[in-house]
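Only one structure is covered here, and it is reproduced in the block below.
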2 protein chains.
Amino acid sequence: MPSATDDDATEQTVTPWDVEGADGGGIDYAKLVRDFGCSTIENGMIERIERLTGTRAHPFLRRGQFFAHRELDVILNAYEKGERFYLYTGRGPSSESLHLGHLIPFHFTKWLQDAFKVPLVIQLTDDEKFLWKDLELEECERLARENAKDIIACGFDPKRTFIFSDVSYMSTPMYKNMMKIAKCVTLNQVKGIFGFTGESNIGQVGFPPTQAAPSFPDCFPHMFGESKTSLRCLIPCAIDQDPYFRMTRDVAPRIGGYKPALIESRFFPALKGENGKMSASDATSAIYVTDTPKEIKSKVNKYAFSGGQQTVEDHRRLGGNLDTDISWKWLNFFLDDDEELAKIGEEYSSGRMLSGEIKAKLIDVLTPICVGHQEARAKVTDELIDEFMSTRPRVYASLFGDMGDVAGALDEATIANAKPGVAIGAPAIEIKQKKGLLKAQTGEDGGAISKNQLKKMMKEKQKAEEKAAKAAAKAANAEGA
Amino acid sequence: MPSATDDDATEQTVTPWDVEGADGGGIDYAKLVRDFGCSTIENGMIERIERLTGTRAHPFLRRGQFFAHRELDVILNAYEKGERFYLYTGRGPSSESLHLGHLIPFHFTKWLQDAFKVPLVIQLTDDEKFLWKDLELEECERLARENAKDIIACGFDPKRTFIFSDVSYMSTPMYKNMMKIAKCVTLNQVKGIFGFTGESNIGQVGFPPTQAAPSFPDCFPHMFGESKTSLRCLIPCAIDQDPYFRMTRDVAPRIGGYKPALIESRFFPALKGENGKMSASDATSAIYVTDTPKEIKSKVNKYAFSGGQQTVEDHRRLGGNLDTDISWKWLNFFLDDDEELAKIGEEYSSGRMLSGEIKAKLIDVLTPICVGHQEARAKVTDELIDEFMSTRPRVYASLFGDMGDVAGALDEATIANAKPGVAIGAPAIEIKQKKGLLKAQTGEDGGAISKNQLKKMMKEKQKAEEKAAKAAAKAANAEGA
């Protein structure tokens, strides 16, 4: 739940590179939602997601870790009508050692992928980390591939998932989107949104379109074909990434695309206490996914900020403070069993459960998560990474719903006949962008369309549908063979 | 020759997008050379080029149209010692109709390629034109391909020449160089160099590294291999492009590359009189390469600014003014015969030759140039454009000197065995860039190298040489087979 604090004595800072609460305290999420202009996810929306997907909501959603959104309702409306969408998330690979907080968007995204049965693209911003950190570019490229292993270990479906690094994937479709976005954004605007200064390097100033671009499906012709409006995009991310996508949403209608929707999380609290994000550079502030059971035990016992009282007597009398206790907060993330969690909350806050006991419980929960991750990561082969990062054209239909292994059933001739580099059976023809047509077409605010324009649009749509039907028939034939 | 005027009453402006003389007059090239900090090409240097190449200097060089340089002497020293270099030039494709001024850098570059027997890369900045002009990106891509036809019609050797557009070629090697350059340049710096403002779009602000990148050979692994220091680069261009390469030269040692050398031209004077460049948007200011003989005749007679006198009597008495007469100036560009040119100058300035007569001579000279260009362009097939723009790996050795058709003689097996996408036999291993090593290695200003660093460098160099020798032997075997 959003914190009730609303003290503006000193401002909080939340940018993609800097997260700090007012007066060095915790983040005021209610204020953040107001300042950014996004919306809070209400219970009705969570229930609707459960109804539409036939899946119980993920704990991160039930318990408000993913707490804010932009136009998630638009995605749900479209999904309800049978429209398709894709997921887009990412990571900046600045370190080999991921901590538990890094896994959160990926675990949640995996749940979204499984629940909605949709494709997913994952961007590794090796270029961004190079531009912002004192790292060689080649080191960032290496880290991107190392991080891909951790991401794959979260269990994504390789048939529906494309992982790419900006440096390794940089190509005409990505670059065209980057340029179209960049033309719509002025230097003054990015200074306002991202706080760039005269001392910022021009790679940084030019970077926002690179993170914005994957919001448009034609960045990935091998996944989604060449149309910019074939699919809507939903982005799960931490709320510090919101500025990138506010900018993207402003630009989208001007380049003929849909505004991406967002589902946004709070920051994962640091082991030593909640004020912003965990730090990868302070080893005692985080549990790393590489930590051994012994390290986990030792770190939780030593460093996990406790909301317990100074003496056992005081604790029995006053109870533990759930508002500050990190073990409690982390259990809220990682303990799946709602009943057990509620019981722990009651026991601990009433003083019946001691600080050492709630820490022991957390250790019990975290250890199998880390060990499981390590086992899964060890099984990630170079071949599997290559499969996730491959730009071979996919069979479009196989990316959605319960289509099963359509790709595997296709014969080589069908694949060879498709347009090189383009997903087989994807909506191929983009309705030509006319300046006056743009807003109307993307449903942004319903400008008028002339009769001739409409005729042309219908014709092009028909042509595209015929082409798609032909390709689908071909694919179906091949499947039967 | 540089103009003698040095009146600073109002400043002249020369940027890649804006060329204007002080008080709307002609460009003061002497001042430009001083302000930019480049050097004038002296006769001794021209004679040295003739000696080294065994080729008579091109009229553009003999007559001072290419009049300034940066470190051309370094290129000549290296060439004399048997070192190799490559040429890099480009064009911004904002229009289908090239005028004669647009051909100048290409005709001169072709002469350089033939004289030094070196490879050449030609960048078409379709992204730049999109970012600066009111054009769709797809239109800029189309114009790039149309302009490639005109460039090819200038007679470049397809075996040694790679033509690319930024949008179509955008790829990992280009992007890596762009990012490395971008990290070294601050927003304040590009504001100072290029005059960007808060209203500039961030594509523009981020663009300079895109034009800088091709100065480094590892942007083109299929031509030059993967080393950043295998080759020096010489850039023939008009002097308004100097700001890009001043920036590039500042950055080069910091990213472990050679500073590119430059050979720079004056602006081609407009038909209606010399003040800056010709304008593609004013049809009467230029002769287009598509103009018919009739159009050329009519335009020269109607619009070519004349330095002749008002009446025949005055003209016979006072003579034509060579300083302002456009026919005379254009003949200096396009009439190859030095003796004939000198005679025309004498006849016209003495008043024996009339304005109509010098115009008739210019028409005689321009007509076959345009007709010849049109014939050559008509012969440029789609297949030939694809050949020039192809990223198939070249045989490195075949790009230089009198190696003949090495590529044609290679069998498929040899090509298949080479590293995918990398030129066969190119220097493959880049000596690892260590921060302290950088300056010393690129010879920028001779920092100290430790014994261990030196040992490592020698070892790596030896390894690279062995690898190159092996690849060369393989290629030679294949040639013999």
Side-chain angles (χ1 to χ4, degrees), chain A residues 126-138 140-141 165-194 196-210 212 247 251 255-256 430 432-435, chain B residues 126-138 140-141 165-194 196-210 212 247 251 255-256 430 432-435:
Chain A
D126 43 7
D127 47 356
E128 178 208 8
K129 288 304 163 189
F130 168 70
L131 293 167
W132 264 270
K133 303 265 176 187
D134 186 21
L135 288 170
E136 297 289 327
L137 185 51
E138 288 69 20
C140 296
E141 289 182 84
S165 98
D166 289 339
V167 169
S168 68
Y169 182 60
M170 191 48 62
S171 54
T172 302
M174 261 294 278
Y175 190 64
K176 284 179 75 165
N177 271 296
M178 285 159 58
M179 289 298 103
K180 288 180 183 188
I181 296 161
K183 190 176 180 177
C184 295
V185 183
T186 68
L187 184 49
N188 279 340
Q189 285 172 318
V190 291
K191 279 178 163 181
I193 302 171
F194 300 101
F196 295 132
T197 70
E199 289 310 305
S200 300
N201 71 56
I202 55 172
Q204 294 172 335
V205 176
F207 176 75
T210 312
M247 184 198 84
V251 167
I255 68 168
E430 194 169 327
K432 279 274 166 285
Q433 309 298 339
K434 286 255 169 70
K435 274 187 176 158
Chain B
D126 43 7
D127 48 356
E128 178 209 8
K129 288 305 163 191
F130 168 69
L131 293 167
W132 265 270
K133 303 263 174 188
D134 185 22
L135 288 170
E136 297 290 327
L137 185 50
E138 288 69 20
C140 297
E141 289 182 84
S165 98
D166 289 338
V167 169
S168 68
Y169 182 60
M170 192 48 62
S171 55
T172 302
M174 262 295 279
Y175 190 65
K176 284 178 74 166
N177 271 296
M178 286 160 57
M179 288 299 102
K180 287 180 183 188
I181 296 161
K183 190 176 181 178
C184 295
V185 183
T186 68
L187 185 49
N188 279 340
Q189 285 171 320
V190 290
K191 279 179 164 179
I193 302 171
F194 299 102
F196 295 132
T197 70
E199 290 311 305
S200 300
N201 72 55
I202 56 172
Q204 294 172 335
V205 175
F207 176 75
T210 312
M247 184 197 84
V251 167
I255 68 168
E430 195 169 328
K432 279 275 166 285
Q433 309 298 339
K434 285 254 169 70
K435 275 193 175 152

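This structure is a prediction, so every number in the text was calculated from the model and none was measured. Below, chain A is the first sequence line, B the second, and so on; all start at residue 1. For the numbers below, each heavy atom of this structure counts, side chains included, while hydrogens, waters and symmetry mates do not.
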Sort out for me which of B:Leu187, B:Val205, B:Thr197 touches chain A most, counting heavy-atom pairs under 4.5 Å. B:Leu187

Who wins among B:Lys183, B:Met179, B:Met174 for the most heavy-atom pairs under 4.5 Å with chain A?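 Ranked by contacts with chain A, first place is B:Lys183.
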
Reported CG-to-OG1 distance for the pair A:Asp166 and B:Thr172, which is rounded to 0.5 angstrom: 10.0 Å

Have B:Asp126 and B:Ser165 got a donor and an acceptor in their side chains that come within less than 3.5 Å?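 There is such a pair between these side chains.
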
Can you run down the salt bridge (charged side-chain N to carboxylate O under 4.0 Å, His left out) pairs that involve residues 167-178 of chain A, sequence neighbours left out, and say none if there aren't any? A:Lys176-B:Glu138, A:Lys176-B:Glu141

Contact check, side chains of B:Thr210 and A:Tyr175, non-hydrogen atoms, under 4.5 Å: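 Side chain of B:Thr210 against side chain of A:Tyr175, heavy atoms only: contact under 4.5 Å found.
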
Show, in sequence, the C-alpha distance, side-chain angles and deciding distance for B:Gln204 and B:Phe194, and conclude whether the side-chain contact (heavy atoms from CB on, under 4.5 Å) test is met. CA-CA 10 Å; B:Gln204 294 172 335; B:Phe194 299 102; over 6 Å; no

Count the heavy-atom pairs under 4.5 Å between each of A:Gly198, A:Ser200, A:Gly203, A:Pro209 and chain B, then report the option with the highest count.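 Top option by heavy-atom pairs under 4.5 Å: A:Gly198.
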
For chain B, which candidate among A:Asn188, A:Ile181, A:Ile202 shows the most heavy-atom pairs at distances under 4.5 Å? A:Ile202

Under 4.5 Å from a heavy atom of chain A, the part of [X] involved:
X	answer
B:Leu131	both
B:Met178	side chain
B:Val190	side chain

Measure the acute angle between the ring planes of B:Phe196 and B:Trp132, then classify it against the limits of 30° and 60° as parallel, tilted or perpendicular. tilted

